[in-house]
2 protein chains.
Amino acid sequence: MTEQPAQTTTAGDPATARGEQTRQLIRDTAMRLFRERGYAQTTMRAIAQEAGVAVGNAYYYFGSKDHLIQEFYAQSQVEHRAAAQPVLDREEAFGPRLAGVLHAGIDVLTPSHGFAATFFKTAAEPTSPLSPFSAESSGPRQAAIDLFGEVVSGSTAKVDAELRPQLPELLWLAYMGVILYWVHDRSPGQTKTRQLIDGAVPLIDRLVALSRLRVLRPVTRQVLDLIRTLRH
Amino acid sequence: MTEQPAQTTTAGDPATARGEQTRQLIRDTAMRLFRERGYAQTTMRAIAQEAGVAVGNAYYYFGSKDHLIQEFYAQSQVEHRAAAQPVLDREEAFGPRLAGVLHAGIDVLTPSHGFAATFFKTAAEPTSPLSPFSAESSGPRQAAIDLFGEVVSGSTAKVDAELRPQLPELLWLAYMGVILYWVHDRSPGQTKTRQLIDGAVPLIDRLVALSRLRVLRPVTRQVLDLIRTLRH
DNA sequence: GTCGGTAGTTGAACACGTTCAAGAAGGGCG
DNA sequence: CGCCCTTCTTGAACGTGTTCAACTACCGAC
């Protein structure tokens, strides 16, 4: 129990929060138990007990059990960004960049497939702050969209001028689609999801290239108008 | 309490189930309360009390609170089929048929938008029997796919021979996408969803027509191969 | 040092979904 | 009528997520 002997503000940490250690302790314990037992099988009492705090204390830092998921969400986004860096440094063509970033996302999530699947249920609820479309998720979401922005901007691909500003968000949406498939993917090692990425990327690549063609201009515009309308 | 005076096997009903009345009573009560208060706010105790039975009795007929949703699911499918009939009788062209059937689906769901939204959360969980992709849902799902089969088969559209067998399921998938959007649609009267349908149908229509073009044949095949791979 | 206020912590209590052992109701058969 | 078996029904009890009034630890101000 009595660890952290003198506290001494572990150097560098701003004086912001006294209970920051507790917060991280609870978060890390929860993540570990989620991975070990799954989301539903991990009780708040178990988290509290393993972390050595009272159950009410967990609720001081996290509004609900679901909010612990958001923590996972944010953490995964950061890991995804890091895992994508080598790809962004190495690749120049649009297709390989996109494929690399998508694969990197799945790489990061793979160890959590078992419990991440069940948690996406909560993310799907529109009213939940956990929804990837919700205001509460706007931080990680924007970071993810920016990542796909880098996929485009750093590439040699020539993109239709009207499509360009929408493309990062569209790619993020495609990524959400990949994750939705991944969540339901019961093939060993989620091989099918990898096939989905490798199959879909060339199509997206071709589609993006085609969007500049004179003859397809009306269709491109029609699609973009529709998307603009549907955004809130 | 003491209604249904003599029982007398209300003529026509097969002698199958003694408690069929109770089952329907619980189901109807649950649906009403879901609509009135929302899913989360409706407790099993409330359902039982309003139906005039014990709480355990509800569990005799429905494995869980979630299973009551499946009842709603099946019921909606039947209503959708009925609402689509006039469209299928009236329209001949592929586009209007598809648009009509999609609109009919949303028509049926609209009164339940408030609570249906929150329930789709459960449907999104892959391990749940409620998932539209699950084995338990295969009945309603196949019925829905067949409905889109009628959209195609009854139309004057000429469809690529390779695409033809996959098309009904693809259209159903698109319908699932529409519902996903509808669930998140907070515009008054879900107007945006209607715009989505009206905007997407011409695109789908055009895409289906284009699939027959010689030059696009490789792409069509590539897409179809991918889809075949990804199906389980 | 002590006072006061904020931040952090506690665990009992609540409402909920769900389970289950016990019983009641119904009907076929001798 | 009495028996037995299946179907149906009951409500108390369990484990869960969550709340909250009370308490403690810390820290700056005087």
Side-chain angles (χ1 to χ4, degrees), chain A residues 1-9 13-27 29-30 33-34 37-70 118-119 121-122 125 128-130, chain B residues 1-9 13-27 29-30 33-34 37-70 118-119 121-122 125 128-130:
Chain A
M1 287 291 159
T2 55
E3 312 181 19
Q4 268 76 33
Q7 227 300 49
T8 59
T9 334
D13 245 336
T16 42
R18 225 161 77 219
E20 189 58 28
Q21 289 189 358
T22 310
R23 183 193 170 86
Q24 285 179 24
L25 176 60
I26 292 169
R27 187 190 52 146
T29 307
L33 292 183
F34 285 168
R37 316 179 181 178
Y39 180 70
Q41 284 70 41
T42 303
T43 69
M44 291 300 284
R45 284 167 179 81
I47 294 172
Q49 186 173 349
E50 289 265 321
V53 301
V55 68
N57 202 5
Y59 281 92
Y60 181 78
Y61 292 101
F62 304 95
S64 71
K65 191 182 175 188
D66 286 355
H67 277 75
L68 281 164
I69 287 178
Q70 212 159 13
T118 66
F119 107 37
K121 132 190 176 172
T122 317
E125 181 170 20
S128 160
L130 278 173
Chain B
M1 290 291 155
T2 55
E3 312 180 18
Q4 268 74 33
Q7 226 303 51
T8 57
T9 334
D13 245 336
T16 43
R18 224 161 78 221
E20 190 58 28
Q21 289 189 358
T22 310
R23 183 193 171 84
Q24 284 180 24
L25 175 62
I26 292 170
R27 186 189 53 146
T29 307
L33 292 183
F34 285 167
R37 316 179 181 178
Y39 180 69
Q41 284 69 41
T42 303
T43 70
M44 291 300 283
R45 285 169 178 80
I47 295 172
Q49 186 173 348
E50 289 266 322
V53 300
V55 67
N57 203 4
Y59 282 91
Y60 180 78
Y61 292 102
F62 304 96
S64 71
K65 191 182 175 189
D66 286 355
H67 277 75
L68 281 164
I69 287 178
Q70 213 158 12
T118 67
F119 105 39
K121 129 188 177 173
T122 318
E125 182 170 19
S128 159
L130 277 173

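Quick caveat: nothing in here was measured; it's all calculated off a predicted structure. Within every chain, numbering begins at 1; the chains are lettered A, B, ... in the order of the sequence lines, protein sequences first and strands thereafter.
- Note: CD (B/Q49) to C1' (D/dT9) measures 17 Å, nearest angstrom.
- For C/dT9, one of the phosphate oxygens OP1 or OP2 lies less than 4.0 angstrom from a side-chain nitrogen or oxygen of A/Y61.
- Straight-line distance from the OH atom of A/Y60 to the P atom of C/dT6: 12 Å, rounded to whole Å.
- A heavy-atom distance below 4.5 Å is found between the side chains of B/L68 and B/M44.
- In this structure, A/I26 atom CD1 and C/dT10 atom C1' are separated by 12 Å, rounded to whole Å.
- Listed by chain and number, the residues in a side-chain contact (heavy atoms from CB on, under 4.5 Å) with B/E50 are B/T29, B/R32, B/L33, B/R37 (sequence neighbours excluded).
- Looking at every heavy atom in both residues, B/R27 comes nearest to B/F62 through CB-CZ, 3.9 Å.
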Atom pairs, N/O to N/O, protein against nucleotides 14-19 of chain D, distance under 3.5 Å?
from   : atom 1 : to    : atom 2 : distance (Å)
D/dG17 : OP1    : A/T42 : O      : 3.4
D/dG17 : OP1    : A/K65 : NZ     : 2.9
D/dG17 : OP2    : A/M44 : N      : 2.9
D/dG17 : N7     : A/R45 : NH1    : 2.8
D/dG17 : O6     : A/R45 : NH2    : 2.8
D/dT18 : OP2    : A/Y59 : OH     : 2.8
D/dT18 : OP2    : A/K65 : N      : 2.7
D/dT18 : O5'    : A/Y59 : OH     : 3.3

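- Note: CZ (A/R23) to P (C/dA7) measures 15 Å, nearest angstrom.
- One distance of note links OG1 of A/T43 with CD of A/Q49; it measures 8.5 Å at 0.5 Å rounding.
- What separates CD of A/Q24 from P of C/dG8 is a distance of 13 Å, to the nearest Å.
- Between B/N57 atom CG and C/dG17 atom P the separation is 16 Å, expressed in whole Å.
- Whole-Å rounding puts the B/F62 CZ to D/dC8 P distance at 13 Å.
- Taking CZ from B/R23 and CG from B/L25, the interatomic distance works out to 12.5 Å, rounded to the nearest 0.5 Å.
- Within the structure, no pair that satisfies the salt bridge (Lys or Arg N to Asp or Glu O under 4.0 Å) test touches residues 40-49 of chain A, not counting sequence neighbours.
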